[in-house]
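To keep things clear, I will list the structure first and then write my remarks on it.
In what follows, chains carry the letters A, B, and so on, assigned in the order in which the sequence lines appear, proteins first and then strands, with residues in each chain numbered from 1.
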Protein chains: 2
Amino acid sequence: MSRNNAGLSRERILIEALHIIAGRGLGGLSMRRLGDALEVEAMAIYHHFPLGKEQLFNSIAAYVASPSPTGAAFHDEVGQDGEEQTEVEEQAVADERPWDQRLTTWAEAYRERLLTYSGALSLLAHRAPRTPNSATTWALMRHAFDEAGLAGEDIERAADALHSYCIGSVVHQVRHSGHDDEDALDAREWAARFRFGLRSLLRGLV
Amino acid sequence: MSRNNAGLSRERILIEALHIIAGRGLGGLSMRRLGDALEVEAMAIYHHFPLGKEQLFNSIAAYVASPSPTGAAFHDEVGQDGEEQTEVEEQAVADERPWDQRLTTWAEAYRERLLTYSGALSLLAHRAPRTPNSATTWALMRHAFDEAGLAGEDIERAADALHSYCIGSVVHQVRHSGHDDEDALDAREWAARFRFGLRSLLRGLV
DNA sequence: ACCTGAACACCGTTCAAGT
DNA sequence: ACCTGAACACCGTTCAAGT
C-alpha cells in the first residue's frame, strides 16, 4: 500500500481539520484522526505543517478569524503580499452607506463567521493572526470612525471595543447555549441581542 | 511508600491546577503532572473528580468566571445553596453610588479576575458555570439597569452586552499582547482601552 | 519532494488491590 | 473512604527509509 503523492495540501488539511472540529469538537482533532480522514499516514501532515499541531492550530485560528474567506490563511501565516483581497477593499471603499451601517455589516459578518466555526473558538483566545485581512479591516474601521467624528487614539480604541464586543458576544452565546436550560434562547434571539448591544456600543462610541 | 490519606481535596487540586496552568499553560496541565505537584498518584485525583479531566476543567471554569472568590466553585458545580455570598449581596445592596459606577466596579473586577487566570481563558468558551455568584451578579445588573431606566427584555440584553464586552476585551487583550510586536501595548493602555469601551457601552445602552 | 512505518515518551482512564 | 500500581488504548513527534 505504498501510495505516494496523495495530493495533500495545506488547504485540504485545514478544511478537513475544520470538518473534524465541527463534528467531534476541538478535543476530537488528533493528527492520527486527521490523517485517517485524509487517507494518509498522520506523519504526512508534518510535511505541510513542519511545526506540527501548534502550527496547524495557528492556521485554523487565522482562517476562522479572517473576516473574509479569501483563503489567505492557506499560505503563510505572516502574509506579506496583499494582492488577493483587493476585491474586498474595493467593495469596502465602494460602500456609500453611512459609517454605522458599514460597521454593522462588518460586525454581523464577523460574528457569523465566528459562529460558523464556533468549535475552534477557544483557539482564538491565545492566537493573534496577522493576516492580510486584518489590515483591510483596520482600514475599514479607521475610515468609518473617522467619518463618525472620532480622531487620534479614539479611533483605535473604538475599533478595539468593537472587536472585543463581537468576539465576546459569540463566546457568551456559545457558553450559554446548548445547555439544557429552562431559558434557552434560539438563534433569532441571540442575533437580536447581538444587534441590540452593537447599536448601543456604536451609539455610545461617538 | 504506601502513603494513604494524603489530605487531598477539591480545593487543593483546583489551586494546584491553576498554578500549573499559570506556569506552563493549559496544555501543560496533565493529570499525571497534577498528581506529581500534589505528591500523589495521578489516579487519586479521580476520587475527588470522578468524571475526570472534563469535570476538573468545568470546576476551573466556574472558579475563574466566578466574580468573587468565595470558594463556591470548590463544592458542587450546581450550587443549590446560596448562603455563602450573602456578604457580597449585602455589599452590593449597600452600594449607594450611581448605577453606572456600580457596574463599572463590577466590570473592572470581572476583567481583573479573567486577566489573572488568562491561561484558563479558553475553557470559558464552551462552559457556562451555574455558580451561586451568577445569580448575585444578575441581581446587581437588574438593579443597576432598572435604575438607569431600562425595563423588560432590555435589561437582559444590556446585561448580556456588558458580559460580552468584558470577556471579549480580555480575549482581545490576551490575543494581541505577548506577541513581539512593534506596537505592543502595556497593561495601563489596555486598562484605559477597556474603560473607554466600557464607558461608551454604558452610555449607549441607556 | 512527498509519504511511510516503526519507535519513543507521554497521555486519560479503568480496574483490581491495598489500607 | 482514600489512595496505589499495573494495564490499555490513545496521543504528538522524531527519524530513517522508501519512491
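- Taking the charged nitrogens against the carboxylate oxygens, D95(B) and R102(B) have no contact shorter than 4.0 Å, which rules out a salt bridge.
- Using a cut-off of 4.0 Å between Lys/Arg side-chain N and Asp/Glu carboxylate O, E153(A) and R157(A) are scored as salt-bridged.
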How would nucleotides 6-13 of chain C be written as a contact map, 5' to 3', with B for base contact, S for sugar-phosphate-only contact and - for no contact, using protein heavy atoms under 4.0 Å?
-> BB---BBB
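- Using a 4.0 Å heavy-atom cutoff across all strands shown, G27(A) reaches no nucleic acid atom at all.
- With rounding to whole Å, F49(B) atom CZ is found 13 Å from dC3(D) atom P.
- Under the 6.0 Å distance and 45° angle rule, R199(B) does not count as a cation-pi partner of F194(B).
- F57(A) does not carry R127(A) over the face of its six-membered ring by the limits of under 6.0 Å from the centre and within 45° of the normal.
- When each of dC2(D), dT4(C), dT4(D) is scored by its nearest atom to the side-chain atoms of H47(B), the top-ranked nucleotide is dC2(D).
- The pairing partner recorded for dT4(D) is dA16(C), the criterion being a Watson-Crick or G-U wobble arrangement whose two distances lie under 3.5 angstrom.
- A close approach under 4.0 Å does occur between a side-chain nitrogen or oxygen of H48(B) and OP1 or OP2 of dC3(D).
- Note on G7(A): only backbone sugar-phosphate atoms sit closer than 4.0 angstrom, heavy atoms only; bases stay farther off.
- Put simply, CD on E39(B) is 13 Å from P on dC3(D), counting in whole angstrom units.
- Checked against the 6.0 Å centroid threshold, W138(A) and H143(A) do not count as a close aromatic pair.
- Taking atom CD of E41(A) as the reference point, atom P of dA16(D) lies 19 Å away to the nearest angstrom.
- Just one residue in the list R111(B), E189(B), R193(B) forms a side chain to side chain donor-acceptor pair (under 3.5 Å) with Q173(B), and that residue is R111(B).
- Nucleotide dC11(D): unpaired (no Watson-Crick or G-U wobble partner with both distances less than 3.5 Å).
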